[in-house]
Amino acid sequence: MNNTNPLAGDTLVLTGTSVTKAIAEYIQKLGGQAVHLPLIEVVERTAEDHEKFIASMDAEWLIFTSQSAVRFFKQKLIRYGYTAAHWHGKVAVVGEKTAAALSAIGFTIDFMPSIYSADVFIKEFQPAIVEKCVFFRGNLAKSTIPDGLNCDVECYTVYDTVQTARHMPALNELLTERVTIIFASPSAVEVFAAHKASKPYHVAAIGHITKTALENAGEMNIIMPHTYTMRAVIDELVKQKGTN
């Protein structure tokens with residue numbers, strides 16, 4: 001392995017809804033090529049829900065597990081003339097990126113689990129007696145958090161995840177032994193599994209739920225770091241290349 005450019009000659013395909021400039025630059029710094037071919041899209045639930053939104057802001061805790069939820073939560077803040085200054089409760093999140101997105105619009109993060117998964121969240125989230133939490137989520141979010149917490153959790157669906165196969169022809173054209181496809185959701189795995197070409201490639205997962213989806217789709221030798229972030233996936237890929 002080239003220690004200066006450990007990903008030289010490698011292509012990393014990112015299948016999520018967006019790619020930050022920092023991640024693309026990090027891959028390039030390591031000598032690799034970042035290609036964004038999203039297999040899912042997210043769209044706001046556009047129903048006018050002013051009363052519901054304002055009522056939700058009376059909760060003691062707001063819970064977020066994705067940047068997309070924060071994105072559409074922010075749009076509601078703007079639409080209804082609400083800001084972080086109006087908020088007097090606490091905020092719990094899963095993931096550094098989700099936390100950063102909320103911090104960017106003025107919210108203080110009061111709780112984040114040690115591992116970025118809903119399973120760990122419900123084990124570690126132990127606030128004092130709480131009457132009401134509001135979980136801002138997408139339509140495909142699992143019920144782990146509302147089912148697992150010992151408090152009243154109102155689920156507020158702010159966006160829908162839509163699968164899209166329009167980039168699969170381009171993705172299939174790329175596939176070689178030097179390509180690693182990174183998945184961050186079971187929805188993206190489903191699209192890939194239904195349309196993939198019979199060519200060599202490698203796969204990586206952000207999170208054990210996505211890894212399970214890949215395993216169920218017949219994938220093997222799945223790269224998955226202990227920390228559920230894109231940066232950690234890239235670092236794990238570099239680490240594994242160094243041991244081969």
Side-chain angles (χ1 to χ4, degrees), residues 1-3 5-20 23-24 26-28 30-41 65-66 94-97 113-121 138 140-142 144 161-244:
M1 182 181 71
N2 184 329
N3 291 326
N5 297 299
L7 296 181
D10 289 346
T11 297
L12 276 59
V13 179
L14 313 177
T15 61
T17 57
S18 62
V19 177
T20 66
I23 285 297
Y26 185 55
I27 293 170
Q28 293 166 6
L30 295 170
Q33 178 185 13
V35 178
H36 183 214
L37 296 174
L39 300 181
I40 58 172
E41 298 174 341
T65 60
S66 73
V94 174
E96 294 176 357
K97 297 295 185 181
S114 58
I115 295 176
Y116 305 150
S117 76
D119 294 352
V120 177
F121 182 97
L140 298 183
K142 296 185 179 297
T144 305
T161 299
V162 180
Q163 296 177 326
T164 174
R166 72 176 187 276
H167 294 297
M168 280 303 303
L171 197 161
N172 283 328
E173 282 293 318
L174 286 175
L175 297 181
T176 70
E177 283 283 359
R178 303 302 299 273
V179 170
T180 298
I181 310 164
I182 302 177
F183 297 90
S185 73
S187 297
V189 173
E190 290 176 8
V191 175
F192 178 73
H195 300 278
K196 67 180 179 180
S198 296
K199 293 182 178 181
Y201 57 85
H202 302 281
V203 294
I206 299 178
H208 65 280
I209 294 175
T210 302
K211 182 182 179 184
T212 297
L214 284 165
E215 291 171 340
N216 291 339
E219 302 296 343
M220 298 182 291
N221 302 317
I222 301 163
I223 297 167
M224 189 192 78
H226 178 72
T227 302
Y228 297 168
T229 66
M230 185 68 72
R231 176 78 175 244
V233 168
I234 297 165
D235 290 341
E236 184 66 22
L237 177 59
V238 171
K239 178 181 177 181
Q240 292 197 19
K241 288 176 70 68
T243 58
N244 292 333

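Residue numbers start at 1 and run along the sequence shown.
One finds the CD atom of Gln163 at 8.5 Å from the NE2 atom of His195 (value rounded to the nearest 0.5 Å). In this structure, CD in Glu190 is found 11.0 Å from CG in Leu214, a value given to the nearest 0.5 Å. If you take CD1 on Ile27 and OG1 on Thr11, they are separated by 10.0 Å, rounding to the nearest 0.5 Å. With rounding to the nearest 0.5 Å, the separation of OG1 in Thr210 from CD in Glu215 is 11.0 Å. Summarising the geometry, atom CG belonging to Leu175 is positioned 10.5 Å from atom OG1 belonging to Thr180; distances are rounded to the nearest 0.5 Å. Remark: Arg178 CZ to Gln33 CD distance equals 12.0 Å, nearest 0.5 Å.
Side-chain contact of Thr164 with Arg166: a donor-acceptor pair under 3.5 Å is present, judged by distance alone.
When all heavy atoms of Pro38 and Gly16 are compared, the pair lying nearest together is CB-O, 3.2 Å. Contact record, Lys211 with Ile222: O-CD1, 3.8 Å, taken as the closest heavy-atom pair. Nearest heavy-atom pair, Ile209 versus Pro186, reported as atom, atom and distance to 0.1 Å: CG2-CG, 3.7 Å.
Using a 4.5 Å heavy-atom cutoff, the side chains of His208 and Asp119 are in contact. Val189 has its side chain out of reach of Glu219: every pair of non-hydrogen atoms, C-beta onward, lies at least 4.5 Å apart. Looking at Phe183 and Leu39, their side chains come closer than 4.5 Å, going by heavy atoms from C-beta outward.
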Stepwise side-chain contact (heavy atoms from CB on, under 4.5 Å) check, Ile40 with Thr17: CA-CA 6 Å; Ile40 58 172; Thr17 57; 3.8 Å; yes
Verdict with supporting geometry, Leu37 and Leu174, side-chain contact (heavy atoms from CB on, under 4.5 Å): CA-CA 11 Å; Leu37 296 174; Leu174 286 175; 3.9 Å; yes
Step-by-step side-chain contact (heavy atoms from CB on, under 4.5 Å) determination, Ile23 to Ile234: CA-CA 9 Å; Ile23 285 297; Ile234 297 165; 4.1 Å; yes
Audit row: Ser185, Thr161, side-chain contact (heavy atoms from CB on, under 4.5 Å) steps and yes/no: CA-CA 10 Å; Ser185 73; Thr161 299; over 6 Å; no
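Environment of NZ in Lys142: sparse, with no more than 12 heavy atoms of neighbouring residues, nucleotides or ligands closer than 6.0 Å. The environment of Lys97 atom NZ is sparse: at most 12 non-hydrogen atoms of other residues, nucleotides or ligands sit within 6.0 angstrom.
Relative orientation of the Phe192 and Tyr201 rings is perpendicular, given thresholds of 30° and 60° on the angle between their planes.
A donor-acceptor distance shorter than 3.5 angstrom exists from the side chain of Thr15 to the backbone of Ile182, with no hydrogens or angles considered.
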